[in-house]
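One structure is given here, and the rest of the page talks about it.
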Protein chains: 2
Amino acid sequence: MKGVTKLKYKKIPEATIRRLSRYSRSLEEMEGKGEKVVSSALLAKKCAVNAAQVRKDLAYFGEFGIRGVGYYVEDLLNNIKKILGSNKEWKMAVIGIGNLGAALLSYKDFLKQNYTIVAAFDIDPPRVIGRVSEKLGKPAEVIHINRIKEVARERKIDIGVIATPPSEAQSVANLLVEAGVRGILNFAPAQVTVPAGFVVKDVFFTTILDNLAYLLSTETGYSIDRK
Amino acid sequence: MKGVTKLKYKKIPEATIRRLSRYSRSLEEMEGKGEKVVSSALLAKKCAVNAAQVRKDLAYFGEFGIRGVGYYVEDLLNNIKKILGSNKEWKMAVIGIGNLGAALLSYKDFLKQNYTIVAAFDIDPPRVIGRVSEKLGKPAEVIHINRIKEVARERKIDIGVIATPPSEAQSVANLLVEAGVRGILNFAPAQVTVPAGFVVKDVFFTTILDNLAYLLSTETGYSIDRK
DNA sequence: TCAATTTTGTGACCCCTTTCACAAATCCTA
DNA sequence: TAGGATTTGTGAAAGGGGTCACAAAATTGA
C-alpha cells in the first residue's frame, strides 16, 4: 500500500482544514501579485498562525516545499486546492426562500467561483417568486420542494443549503438525504442529524453573535477569532 | 478576593462558549414547552454532546444545578444569558451595502431580538440606497462612511459588521476602532487586525464551503460539524 | 429515620493539537 | 568545492480540552 490516498493513516484535524482554506486565500493573493516563492514564516505571518503550524498542516498531505528555499506559490496553491476539493465545481441548491434564502441567492456572486447555486426550492413558490425576482432583477425560478429529488438528480446537486425556519430543518435534511445530496449547509438554528456518509455544517448567526457578545462582556480584551 | 468575576482564574475555551449558546437555544425551546427541570443528560442529548461536558461547561461559571434533581430550566437559561451577555441589547451597524450588506439588512429580522441593526454605512450612499430600499420596501437611510465616528457615538453602536470587499476590510476596521466600536463581525475574506481590547469574529463563507467540500471529497463519510 | 435512587460537581486520565528545537536539505558565494 | 546561510520536515515536549468515574448532595418511599 503506497501513499496514494491521504488520510488513511492519520485523521486530519478540522482546524487544519480551516487553516488550509486560509492559506489558500493568502496564496491566491500572492499569486495575483506575481510572487513566486513563499516561506512558511511569511505565510504564517499573513495568516496569523505559527510557522511550524503551517509546515505541520502541510506535512499531513505530503512534502510541498524545498528546504532552504520555501514553497512555490503556484504549486502549493494547486496542491491545497486539490486537497480541499476546491478545484472541483460544486453545485448548490437553496431550500427555503424567505429573507435569508433570498439573501443568499442575491449573494451568490460573492461566493467563490467554484461554488454555484443552481436551484432554489420552497414549499410555496408562487408566494416567494416575487421577492426573489425583485432581488435578482428577472423572473426567478423557484421550484416546489416536492420536486427536489428529481431536480437534484438532473442538476447534480452536491450541497443543499437549508434556509428554512428551524422547525422545518430536519425534514428538509431528510429530503436532501433521500435525494442523495451528501453535503448540507445549515443556516436554520436547529439540530439536524443525517446518516453516515452525509455531512452537515452549521452556520448559526446567533451563535456567532453570542460569542462576540461574550467576548465583549468580559474584560478579556484582545481576541481575534480564527474559527 | 471572592468569586465575583468569572474568568480571572481559568481561561474559558471558545468551544465552551459555543456550546453555551447551543444550550441556551435548547433551554429556550424547553421553556416554551413549559418544562421546569432538565438533567445534564437530557440537555446533552438535545445538543448532541457528552453529559459530563455540559456539567463541565457550566462549572466554569458556578454551580447552577441541584444534585439528584437537575437544573431549573428558567434559572439556568437566565444564568447562561447573563454569562454570554445575551441578556443585553446589542446595537450593530453594517458597513458596505453591496449584495452582502443589503442581504444582511433584509435578514435583520432573522437575528435574535437582542441584536439589532441600527445603522448602515457605505462609501457612496446615493448609489446603493435604491438597492436597499428595494429590499426593505421603504426609503432607506444609508450614511456616508465618513460620518461613522459621530453616528457610532450617537447610536451607541457595539458591533460593526464588515460587508465590504476584502480590500477595504482593514481600513473599515481601523475606522471602527477609532470610533470606539469594540466588536467586529467580519464577512470580508481578509485578515483584519485590531488593537488589544477589540474583538474580531470572522465569518468566511468560502472557508465554510471549503470545509464542506473537503469532507465531501474524502471517503470519511459521517461528520456532523459542531463548530 | 434510613436505605435506595438520582444526578450534580470534579479530580484524574487520556488524547489530540500546537509549539519547540534541530537535523537534513538546498542555495549562494567565493 | 567548501563553508555559511536559509528553510523545510519532524520527533519530542507542552498544553488544552474532553471523557470517565465516583464522592457528595438531594429526593423519594417505606
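All of these numbers come straight from a predicted model, not from anything done at the bench. Below, chains carry the letters A, B, ... as their sequence lines are ordered, and counting in each starts from 1. Because only heavy atoms are used, hydrogens play no part in the values below, and waters and symmetry mates are left out as well, while side chains stay in.
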Distance (rounded to the nearest 0.5 Å) between A:L58 CG and A:Q53 CD: 10.0 Å
Could you state the interatomic distance from CZ (A:F121) to CD1 (A:I148), rounded to the nearest 0.5 Å?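 Interatomic distance, A:F121 CZ to A:I148 CD1, rounded to 0.5 Å: 4.5 Å.
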Is the phosphate of [N], meaning OP1 or OP2, less than 4.0 Å from a side-chain N or O of [X]?
X: B:Q53; N: D:dG17; value: no
X: A:R55; N: C:dT19; value: no
X: B:S40; N: C:dT7; value: no

How many Å lie between [atom1] on [X] and [atom2] on [N], as a whole number?
X: A:I17; N: C:dT18; atom1: CD1; atom2: C1'; value: 16 Å
X: A:K45; N: D:dT7; atom1: NZ; atom2: C1'; value: 17 Å
X: A:Y60; N: C:dT17; atom1: OH; atom2: C1'; value: 7 Å
X: A:L42; N: D:dT8; atom1: CG; atom2: C1'; value: 15 Å
X: A:N50; N: D:dG9; atom1: CG; atom2: P; value: 15 Å
X: A:E63; N: D:dT7; atom1: CD; atom2: C1'; value: 13 Å
X: B:F64; N: C:dT10; atom1: CZ; atom2: P; value: 11 Å
X: B:L58; N: C:dG9; atom1: CG; atom2: P; value: 7 Å

Side-chain heavy-atom pair A:V203, A:N186 within 4.5 angstrom cut-off: no
Let me know which of B:D210, B:N211, B:T206 forms a side chain to side chain donor-acceptor pair (under 3.5 Å) with A:S21. B:D210
Quick check for you: among C:dT18, D:dG18, C:dC20, whose closest atom lies nearest to any side-chain atom of B:A15? D:dG18
Any N or O donor-acceptor pair under 3.5 Å from the base of D:dG17 to the side chain of B:K11? no
Donor-acceptor pair present, A:K56 side chain and C:dT19 base, under 3.5 Å: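 Yes.
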Which residues in residues 65-76 of chain A have a heavy atom closer than 4.0 Å to any atom of DNA chain C? A:I66, A:R67, A:G68, A:V69
Hey, which of B:R182, B:K88, B:K91 is the one that makes salt bridge (Lys or Arg N to Asp or Glu O under 4.0 Å) with B:D158?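 Going through the options one by one, the only one that passes is B:K88.
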Ignoring hydrogens and angles, tell me if any N or O in the side chain of B:N114 forms a donor-acceptor pair with the backbone of B:S86 under 3.5 Å. yes
Smallest separation among heavy atoms of A:A213 and B:Y115, with atom names: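 Reported closest heavy-atom pair: CB-OH, 3.4 Å.
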